[in-house]
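The structure under discussion appears below in the form of structure tokens.
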Number of protein chains: 2
Amino acid sequence: MITKTKLNRKQQIIDKATQLFQQQGYAATSMRDLAGYIGIEAASLYSHIKSKEEILQTICFQMANDFFQSLEKIELEKLSADEKLKKAVISHVQVLTKDSAASAVFFSEWRHLSDSYLKDFLAMRNNYENKFIQILIDGHKEGTFKKMDAKFTVLALLSSINWMPSWYKPEGKLTPEEIAENVTDVFINGLKIRS
Amino acid sequence: MITKTKLNRKQQIIDKATQLFQQQGYAATSMRDLAGYIGIEAASLYSHIKSKEEILQTICFQMANDFFQSLEKIELEKLSADEKLKKAVISHVQVLTKDSAASAVFFSEWRHLSDSYLKDFLAMRNNYENKFIQILIDGHKEGTFKKMDAKFTVLALLSSINWMPSWYKPEGKLTPEEIAENVTDVFINGLKIRS
DNA sequence: ATAATAAACAAACGTTCGTTAGGGAAATAT
DNA sequence: ATATTTCCCTAACGAACGTTTGTTTATTAT
């Protein structure tokens with residue numbers, strides 16, 4: 001082991017854990033499992049991390065911050081609601097596809113966080129959803145979007161995107177921008193040909 | 001215990017397991033956990049079921065059959081593509097909301113099925129998605145739907161619906177028909193006001 | 001009343017779980 | 001050269017896991 005510093009090793013652990021948590025789930029992934037894939041003993045993991053849950057916390061809150069920051073930037077821009085929605089979705093998809101395994105863990109395994117972390121997590125998620133809801137409400141006030149249940153629509157929109165890591169393959173031909181373009185076009189304009 | 005026959009007890013086990021699998025996940029739910037909620041010892045469960053995985057199999061394949069049958073009925077009807085899409089979504093939402101806990105387990109925990117069951121499961125799911133894809137392709141041929149990536153759109157549509165059990169509360173005021181109406185309206189007509 | 005069946009139990013099986021303790025080898029700093 | 005730190009090891013801890021066994025209790029059928 002020449003080139004591996006402790007920081008590298010820690011990141012390697014988190015990366016492999018991310019992959020295994022996505023494939024098998026957090027609860028079904030054992031520390032011996034994880035260590036085996038890295039090529040060390042389970043006990044050795046604890047030279048780099050404090051606990052199994054710390055790994056999950058790192059993954060979840062890293063993703064949460066990425067999503068949050070990307071949306072906050074867009075919020076400040078002066079744009080029409082439909083432009084803002086499109087930009088927000090592009091940004092969301094970009095964060096999502098930059099590490100789709102971590103995203104999948106973020107969306108599916110957060111419930112295994114212990115109580116205090118869970119509280120913070122849910123608060124952040126709610127806050128994030130509310131920012132999207134506000135964009136749709138603004139769009140209705142501006143006369144661009146029709147009357148709708150904004151919360152329902154946002155959850156449908158985010159769900160359709162967030163489920164993607166389970167079938168999105170990076171070797172596929174769609175770029176994040178194209179994915180976002182497809183999704184927002186359907187949500188804004190619909191499938192029906194406009195006559 | 002007067003009114004409980006063996007069949008009732010088995011159903012009770014499956015029902016409670018469904019609830020716990022949804023809340024905690026399959027791997028994080030122990031047989032002692034499950035037994036405790038029912039009020040018996042873990043060993044007693046095995047008078048009624050063969051294994052933990054049998055419970056998951058029962059839940060998953062029951063739901064798979066329900067979804068499949070409901071769609072097959074609609075496939076036979078002679079309808080335009082947009083009408084057929086709407087009916088298919090309504091039907092899908094109805095099955096989903098009839099037992100939203102079982103649906104959540106079905107969508108999130110199927111990966112814990114053992115290999116042979118997993119194969120069957122994935123084949124059924126693929127088949128199901130293809131039926132939806134065909135509806136969108138037909139709609140394009142009929143001149144109703146615009147050119148699009150049909151598979152991508154179907155996965156987005158189904159994802160936006162399937163994620164619902166995680167936030168759908170039956171005591172909410174939306175009926176399955178209203179939910180389906182909202183979803184299909186967005187997907188077919190979009191959010192933008194048509195001018 | 002007696003036999004048969006069903007459903008629960010306590011106890012234990014072997015295995016795996018996350019984690020800790022203590023020590024040794026190799027790299028780094030002094 | 002020596003001391004310190006880093007990283008991994010073996011060994012083991014207690015707890016929890018799914019499941020099996022053998023037995024008791026309650027219900028149902030004869």
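We name chains A, B, ... by the order of the sequence lines, and we start the count at 1 in each one. Here the structure is a predicted model, which is why all the values come from computation and not from measurement. Note that these values count all heavy atoms, side chains included, but never hydrogens, waters or copies made by symmetry.
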(request) Report yes if a side-chain nitrogen or oxygen of A:Ser44 is closer than 4.0 Å to either non-bridging phosphate oxygen (OP1 or OP2) of D:dC7; otherwise report no. (result) no

(message) Rounded to whole Å, please give me the gap between CD1 in B:Ile49 and P in D:dG18.
(response) 10 Å

(request) Using a strict cut-off of less than 4.0 Å between a Lys/Arg side-chain nitrogen and an Asp/Glu carboxylate oxygen, indicate whether A:Lys146 and B:Asp185 qualify as a salt bridge. (result) yes

(request) With DNA chain D as reference, determine whether A:Glu41 or B:Tyr46 sits nearer its 5' end, using the nearest nucleotide of each. (result) A:Glu41

(message) Could you tell me how far apart A:Leu45 (CG) and C:dG18 (P) are, to the nearest whole angstrom?
(response) 10 Å

(request) Return the residues of residues 20-31 of chain B meeting this criterion: a heavy atom under 4.0 Å from some atom of DNA chain D. Order them by number, or give none. (result) B:Thr29, B:Ser30, B:Met31

(request) Starting at atom NZ of A:Lys50, determine the distance to atom C1' of C:dT20, rounded to an integer number of angstrom. (result) 16 Å

(request) Check whether the ring centres of B:Phe68 and B:Phe61 lie less than 6.0 Å apart, and answer yes or no. (result) no

(request) Starting from C1' on C:dT20, measure out to NZ on A:Lys52 and report it in whole angstrom. (result) 17 Å

(request) Would you sort out whether A:Thr153 and A:Phe145 count as a side chain to side chain contact (heavy atoms under 4.5 Å, CB included), showing the intermediate values? (result) CA-CA 12 Å; A:Thr153 307; A:Phe145 294 154; over 6 Å; no

(message) Whether the B:Asn8 and B:Gln12 side chains hold a donor-acceptor pair (N or O, under 3.5 Å, no angle test) is what I'd like checked.
(response) no

(message) Among C:dC9, D:dG18, D:dT10, which nucleotide has an atom closest to any side-chain atom of A:Ala43?
(response) D:dT10

(request) Ignoring the backbone of B:Ile40, work out which of C:dT19, D:dC8, C:dA8 is nearest its side chain. (result) C:dA8

(request) Please check the phosphate of D:dT6 (OP1 and OP2 only) for any side-chain N or O of A:Arg9 closer than 4.0 Å. (result) no

(message) Without decimals, in angstroms, what is the distance between B:Lys10 NZ and C:dA8 P?
(response) 14 Å

(request) Answer with yes or no whether the side chains of A:Ser80 and A:Glu83 bring together a donor and an acceptor at under 3.5 Å. (result) yes

(request) Compare side-chain N and O positions of A:His48 against OP1 and OP2 of D:dT6 and report whether any pair is under 4.0 Å apart. (result) no

(message) Side chains of B:Lys86 and B:Asp82, heavy atoms from C-beta outward: is any pair under 4.5 Å?
(response) no

(message) So that I know where these two stand, are A:Phe106 and A:Phe121 an aromatic pair - ring centroids less than 6.0 Å apart?
(response) yes

(request) Starting from P on C:dC9, measure out to CZ on B:Arg32 and report it in whole angstrom. (result) 13 Å

(message) Rounded to whole Å, please give me the gap between CG in A:Asn8 and P in C:dA27.
(response) 16 Å

(request) Starting at atom CG of B:Leu34, determine the distance to atom C1' of D:dT19, rounded to an integer number of angstrom. (result) 14 Å

